Amino acid sequence: MALTPLVYWAQRHEEIYLRVDLTDAQNIDVRVKDNVLQFRGQGHGAKGLNEYQFSLEFVLPVKPEVSHKSTQRQVNIMVRKEQRCWWERLTVQERKPVFLAPDFDRWLDESDAEMEIREKEEKRNRLRVSRHKDEGFVSLKTAFLFVYNLVQFLGFSWIFVKMTAHLFFFGQDSIYDTFHSISDVMFFCQILAAVEVLNAAFGIVRTAVIPTLIQVVGRNFILFIIFGSLEEMHHKPVVFFVFYLWSTIEIFRYPFYMLGCFNTEWKTLTWLRYTIWIPLYPLGVLAEAVAVIQSIPLFDKTKLFSIPLPKAIGTSISFSTILHIYLVLMFLGLFINFRHLYKQRKRRFRTKKRKAN
């Protein structure tokens, strides 16, 4: 008597992917007739070495042609949809069969699948353009992006190396002098970072505008308003931690972009670029939040940036009130950017894993 194997499924806009949990499969017969996929084969499954079979009636029409490939561990099946669309479920019956489960190794929601399509199209376009270029020719766009990332890399590397050297040679005393010794270069790098928002907005680079804007505006707010406008903040230890965390992230990010300008990759650098932010980014936001909290009494004392109200009301809005609101927005921005960066990392290494297989 034939048994039913475990079957895992995932979809894209044009295809259905099935993975049958059957090792060393033989005598495989897979066919699609009247929108029903029928599978039969022998192999080692959940009930040992037996004959296994199943059938699935799809919720929407599919093409009769079906392709399958048997490996030592599983049987991979691909079915093409009749129309390009996203299915709410796989089968006609609302209650899915007990042997069917999502294939989380290949699972994407609809928005991620669309992003995957765009990335493939962009890659094909880049390859198409590169074929028409003469050898040794570098486009103006590539040269601009390379120079920009190189300048930022040199700037943040200088900051990182100088802070590390000062800490090594002068100890804790160097922490209190961070702003005066580093701020000029940090001001330059963060003003220049506004270019990244423009690059994203005008499509020079393929990245989301909102996460880029949140990071650039957030950092410049801390640098120019919290640190730059209050002399009392210049000697706070929190300045050291904010600058050090920022520069540590960037000395891995910008070289990655530099290599990407020429479609080149260094695997170690790629892993660091998509991994090191996991501990450092939340720590950086936490350090920024500490800086904001420490500045609130100073803004209350100096009345700096307070917003005057009409005489009839007879008071003003303290800038510290705005800072309390900003603290909430900071952690909202952390959630948005963390989610964006996590999706980037997941998509990057999922693609790598598939290529390896």
Side-chain angles (χ1 to χ4, degrees), residues 152 155-194 196-197 213-251 277 279-311 313-335 337:
Q152 289 288 63
F156 280 105
S157 295
W158 182 90
I159 292 171
F160 179 83
V161 171
K162 186 170 183 178
M163 291 179 68
T164 304
H166 280 198
L167 184 63
F168 180 78
F169 289 109
F170 303 111
Q172 294 183 359
D173 291 341
S174 66
I175 293 177
Y176 301 96
D177 193 46
T178 299
F179 187 86
H180 292 293
S181 60
I182 300 297
S183 61
D184 289 343
V185 178
M186 185 61 81
F187 280 132
F188 171 79
C189 289
Q190 285 306 129
I191 292 173
L192 192 61
E196 296 181 31
V197 180
L213 181 66
I214 289 173
Q215 176 169 308
V216 173
V217 172
R219 283 191 179 183
N220 283 342
F221 182 86
I222 297 297
L223 180 61
F224 287 92
I225 303 299
I226 302 300
F227 293 154
S229 64
L230 292 173
E231 188 173 350
E232 294 88 341
M233 292 294 297
H234 293 180
H235 302 287
K236 298 281 188 181
V238 71
V239 178
F240 173 87
F241 293 104
V242 170
F243 284 7
Y244 205 76
L245 289 166
W246 287 358
S247 60
T248 304
I249 293 173
E250 305 301 22
I251 61 175
W277 63 266
L280 295 186
Y281 184 61
L283 286 175
V285 173
L286 182 61
E288 293 171 22
V290 171
V292 172
I293 292 171
Q294 290 182 351
S295 71
I296 288 175
L298 300 175
F299 280 109
D300 283 334
K301 179 181 178 181
T302 61
K303 304 298 182 182
L304 188 63
F305 301 134
S306 293
I307 302 174
L309 296 177
K311 292 183 179 180
I313 301 177
T315 184
S316 62
I317 300 176
S318 173
F319 189 65
S320 63
T321 303
I322 299 174
L323 291 181
H324 282 94
I325 299 172
Y326 180 75
L327 281 171
V328 177
L329 296 178
M330 280 181 65
F331 289 98
L332 177 61
L334 170 63
F335 171 76
N337 271 11

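Just so you know, these numbers use all the heavy atoms, side chains as well, and skip hydrogens, waters and symmetry mates. Here the structure is a predicted model, which means the values were calculated and not measured.
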Engineer: Would V242 and F227 count as a side-chain contact (heavy atoms from CB on, under 4.5 Å) if you check the C-alpha gap in whole Å, the side-chain angles of each, and the deciding distance to 0.1 Å?
Structural biologist: CA-CA 11 Å; V242 170; F227 293 154; 4.1 Å; yes
Engineer: Could you pull out the closest heavy-atom pair between S229 and F305, with the gap in Å?
Structural biologist: OG-CE1, 3.6 Å
Engineer: To the nearest 0.5 Å, tell me how far I214 CD1 sits from N337 CG.
Structural biologist: 5.0 Å
Engineer: Please find the pair of heavy atoms, one from I226 and one from M233, that lie closest to each other, and give the distance.
Structural biologist: O-CG, 3.5 Å
Engineer: To the nearest 0.5 Å, tell me how far L245 CG sits from W277 CH2.
Structural biologist: 15.0 Å
Engineer: If you measure from CG on L286 to CZ on F241, what distance do you get to the nearest 0.5 Å?
Structural biologist: 11.0 Å
Engineer: Please check this pair: side chain of H235 against backbone of D177, looking for a donor-acceptor N/O pair closer than 3.5 Å.
Structural biologist: no
Engineer: Please step through side-chain contact (heavy atoms from CB on, under 4.5 Å) for the pair I182 and Y244, ending with a clear verdict.
Structural biologist: CA-CA 10 Å; I182 300 297; Y244 205 76; over 6 Å; no
Engineer: Do M186 and W246 have side chains that approach each other closer than 4.5 Å (heavy atoms only, starting at C-beta)?
Structural biologist: yes
Engineer: With rounding to the nearest 0.5 angstrom, report the CZ to CG distance, F240 to L167.
Structural biologist: 4.5 Å
Engineer: Looking at L327, I222, I293, V238, which one forms a side chain to side chain contact (heavy atoms under 4.5 Å, CB included) with E288?
Structural biologist: I222
Engineer: State whether the side chain of Q152 and the backbone N or O of C189 hold a donor-acceptor pair below 3.5 Å, judged by distance alone.
Structural biologist: yes
Engineer: To the nearest 0.5 Å, tell me how far I249 CD1 sits from F160 CZ.
Structural biologist: 11.5 Å
Engineer: Just checking F188: does its CZ atom have more than 12 heavy atoms from other residues, nucleotides or ligands closer to it than 6.0 angstrom?
Structural biologist: no
Engineer: Crowded around E232 CD? As in, over 12 foreign heavy atoms under 6.0 Å?
Structural biologist: yes
Engineer: How long is the span from the NE2 atom in H324 to the CZ atom in F319, to the nearest 0.5 Å?
Structural biologist: 12.0 Å
Engineer: Mind checking salt bridge (Lys or Arg N to Asp or Glu O under 4.0 Å) for E196 and listing every partner two or more places apart, or none if nothing turns up?
Structural biologist: R253
Engineer: Where is the tightest heavy-atom contact between F299 and I225, given as atom of each residue plus distance?
Structural biologist: CZ-O, 3.8 Å
Engineer: If you compare all heavy atoms of D300 against all heavy atoms of S320, which two are closest, and at what distance to 0.1 Å?
Structural biologist: OD1-OG, 2.6 Å
Engineer: Taking all atoms of both residues into account, what is the closest heavy-atom pair of S306 and S318, and its distance?
Structural biologist: OG-CA, 3.8 Å
Engineer: If you define the side chain from C-beta out and look only at heavy atoms, does anything of F243 sit under 4.5 Å from V185?
Structural biologist: no
Engineer: Tell me, do Y281 and L334 make a side-chain contact under 4.5 Å, heavy atoms counted?
Structural biologist: yes
Engineer: Considering only heavy atoms from C-beta outward, does the side chain of H234 approach that of Y176 to under 4.5 Å?
Structural biologist: no
Engineer: Could you tell me which non-hydrogen atom of S247 sits nearest to which non-hydrogen atom of I159, and how far apart they are?
Structural biologist: CB-CG2, 4.1 Å
